Enquirer: 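The structure that follows is given in the form of structure tokens.
Owing to the predicted nature of the structure, the values given are computational and were not obtained by experimental measurement.
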Amino acid sequence: MDHDHLKDRLLLPSSRAAATNGPHHHRRATPAPGSTGAGGPPCGGGGAGGVSIDVNGLKRRGGGRRSWVRVDAATGAAEAVEVAKPALMRRLDLPARDLRLLDPLFVYPSAILGRERAVVCNLERLRCIITADEALVLREPDAAGGAAAEEAVRRYVDELQRRLVDRADDLPFEFIALEVALEAACSFLDSQAIELEAEAYPLLDELTAKISTLNLERVRRLKSKLVALTRRVQKVRDEIEQLMDDDGDMAEMYLTEKKMRMEASMLDDEDLQGIDNSHNGLGSSLSAPVSPVSTPPATRRLEKEFSFARSRHSSFKSSDSSQYNIEELEMLLEAYFVVIDYTLSKLTSLKEYIDDTEDFINIQLDNVRNQLIQFELLLTTATFVVAIFGVVSGVFGMNFEVPLFSVPHAFEWTLAITGVCAAVVFCCFLWYFKKRRFFPL
């Protein structure tokens, strides 16, 4: 039914669009030459009859406010907020393509992206943005997944709050939030794999015992679910492996460390600027007045300061991977890589079991087919032997005089000789089939 809800949002009836847009915005369409008018079915090639795409609604939805659950890093307090997409882009310096990964209108595979000021996570039913100070979890009650997605968001927020209250280790906030998201995604995929195993093995055993159309159809649906789940698990595994293989991406995810370094560098700049101002004031008081021509204009000083700050920022970014100790994040990712790899191995074993069952069924069907061929060969041979009697009866049934008809017991002797000859011929065929190994006898 979730698919119907999504379709209802995308494809709105004309009457509903009129009620939404209001009487001033609704414009009555002129019927085409091949149409029947209002209320009648279209006579032309139109297949949607009264159904249209609300493009304006999609545009407002894509750029409008969305409901988020904000979890504060310092206190662990959670609150529901509504933030527009452009505001998030300006606040977190995120491109639109990153926020598009979190849009429930699109179906994107799992992804973990480390950016300058945030970590974007799209892990199964969780779509969140993690910064050094907060975590924003997308909350869409009418999105694909419905109540299950809402329950996943609630569990994620509760677990994150519990971790922040306990906080048994010294992990920064972004790693705690990422770990909770990875744990939720891996646990969800592993539970689905366990449910699929519990459904698959009895069904495959039943199919092995009895090959029927119903069992084959059930196995086909099971294999489709297995392929879809394997693809999702493989994507999460690839994302974690890609992060572990790239030191630069892991260094980008140290948001708290980068924030502290940036604040320290800004304090150093302020201190240096204060010292320069004090020296300039002291020098101007002790030295002679300086000509206004020799002082650089304000725009030139601003350009120099901006270029200096930009060079400091670029050097700071280039030294991230060399200065940060990424072992902590790598160990965290490696732990969940082992979990998701174990889930993938279970699905791979299940797929191999299904393939073995299919091979066994094909062998059984081939055996039955061979038995049918053998039976058909025996039946054809028996038919040939029986045809000998038909030849004899046909000869003796001709309308002409035969002296043998007047001999006593001639008919009995004829049947006996014909039967012996037919048995000899049948035994010769069986000996030939055994010699050529057409079938074991």
Side-chain angles (χ1 to χ4, degrees), residues 192-231 233-234 344-441:
Q192 283 201 335
I194 293 175
E195 292 177 359
L196 196 61
E197 281 183 331
E199 179 186 0
Y201 287 113
L203 180 58
L204 293 173
D205 294 339
E206 183 180 355
L207 178 63
T208 304
K210 180 182 179 182
I211 302 174
S212 62
T213 305
L214 178 61
N215 290 337
L216 289 174
E217 177 63 23
R218 292 168 62 187
V219 171
R220 186 191 63 82
R221 291 197 298 264
L222 175 68
K223 193 171 183 180
S224 299
K225 292 195 295 185
L226 175 63
V227 170
L229 182 59
T230 303
R231 188 183 301 115
V233 173
Q234 182 70 45
L344 183 61
S345 65
K346 288 196 297 185
L347 295 176
T348 304
S349 300
L350 181 57
K351 183 178 183 301
E352 292 176 355
Y353 191 81
I354 292 178
D355 293 339
D356 294 340
T357 304
E358 290 179 349
D359 294 339
F360 178 73
I361 291 174
N362 291 330
I363 292 173
Q364 280 188 330
L365 294 178
D366 291 339
N367 186 29
V368 172
R369 191 180 300 112
N370 292 335
Q371 290 178 356
L372 290 176
I373 293 174
Q374 294 172 11
F375 179 74
E376 183 181 2
L377 187 58
L378 288 175
L379 188 61
T380 304
T381 305
T383 305
F384 175 75
V385 171
V386 173
I388 298 176
F389 288 92
V391 173
V392 174
S393 62
V395 170
F396 281 92
M398 294 297 177
N399 192 14
F400 55 86
E401 293 291 336
V402 179
L404 190 61
F405 290 164
S406 58
V407 177
H409 305 290
F411 182 71
E412 290 82 356
W413 281 103
T414 302
L415 290 180
I417 294 172
T418 305
V420 171
C421 293
V424 171
V425 172
F426 187 73
C427 291
C428 291
F429 273 111
L430 293 182
W431 174 80
Y432 177 76
F433 294 154
K434 183 178 180 181
K435 182 180 180 181
R436 297 298 300 269
R437 296 182 181 178
F438 287 163
F439 50 86
L441 292 175

Enquirer: Could you tell me which residues satisfy salt bridge (charged side-chain N to carboxylate O under 4.0 Å, His left out) with Glu217, sequence neighbours excluded, listed by chain and number?
Expert: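 In terms of salt bridge (charged side-chain N to carboxylate O under 4.0 Å, His left out), with neighbours along the sequence ignored, Glu217 is linked to Arg220, Arg221.
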Enquirer: In chain order, what residues pass the side chain to side chain donor-acceptor pair (under 3.5 Å) check against Gln364, with sequence neighbours excluded?
Expert: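 Not a single residue meets the side chain to side chain donor-acceptor pair (under 3.5 Å) criterion with Gln364.
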Enquirer: Taking all heavy atoms of Gln234 and all of Leu344, pick out the closest pair and write down the distance.
Expert: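 Result for this residue pair: OE1-CD2, 3.1 Å.
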Enquirer: Between CG of Leu204 and CG of Asp356, what distance do you get to the nearest 0.5 Å?
Expert: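 Output value for this atom pair is 10.0 Å.
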Enquirer: What are the two closest non-hydrogen atoms of Ala200 and Leu350, and how far apart are they?
Expert: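 Heavy-atom minimum between the residues: CB-CD1, 3.5 Å.
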Enquirer: Rounded at 0.5 Å granularity, tell me how far CG in Leu378 sits from CD1 in Ile373.
Expert: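 CD1 of Ile373 is found 12.5 Å from CG of Leu378.
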Enquirer: So, do Val425 and Phe429 sit near enough that their side-chain heavy atoms are less than 4.5 Å apart?
Expert: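 SC-SC contact between Val425 and Phe429 confirmed.
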Enquirer: At their closest point, which heavy atom of Leu347 faces which heavy atom of Ala193, and how far apart are they?
Expert: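 Smallest interatomic distance, heavy atoms only, reads CD2-CB, 3.8 Å.
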Enquirer: Out of curiosity, Glu206 CD to Arg218 CZ, how far, rounded to the nearest 0.5 Å?
Expert: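 Between Glu206 CD and Arg218 CZ, I get 5.0 Å after rounding to 0.5 Å.
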Enquirer: Quick one: list whatever passes ring-ring contact (aromatic ring centres under 6.0 Å, His included) with Tyr353, sequence neighbours left out.
Expert: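 Partners of Tyr353 by the ring-ring contact (aromatic ring centres under 6.0 Å, His included) criterion, ordered by chain and then number, come out as Tyr201.
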Enquirer: Where the side chain of Asn370 meets the backbone of Asp366, is there a donor-acceptor pair that is under 3.5 Å apart?
Expert: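 Looks like yes, one N/O pair under 3.5 Å.
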Enquirer: Below 4.5 Å, heavy atoms only, C-beta onward: do Gln374 and Leu377 meet side chain to side chain?
Expert: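 No, every pair of side-chain atoms sits at 4.5 Å or beyond.
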Enquirer: Look at the side chain of Asn367 and the backbone N and O of Ile363, then say whether any donor-acceptor pair between them is shorter than 3.5 Å.
Expert: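 No; judged by distance alone, with no hydrogens or angles, the pair does not exist.
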Enquirer: Could you tell me the separation between the NZ atom of Lys346 and the OG1 atom of Thr230, rounded to the nearest 0.5 Å?
Expert: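 It comes to 12.0 Å.
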Enquirer: Please report the interatomic distance CD1(Ile361) to CD1(Ile354), rounded to the nearest 0.5 Å.
Expert: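 Separation between the atoms: 10.5 Å.
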Enquirer: Any side-chain heavy-atom pair from Val227 and Lys351 closer than 4.5 angstrom?
Expert: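 The answer is no, as the side chains (C-beta and beyond) never meet within the 4.5 Å cut-off.
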Enquirer: Rounded to the nearest 0.5 Å, how far does OG1 of Thr357 lie from CG of Asn362?
Expert: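 The CG atom of Asn362 sits 10.5 Å away from the OG1 atom of Thr357.
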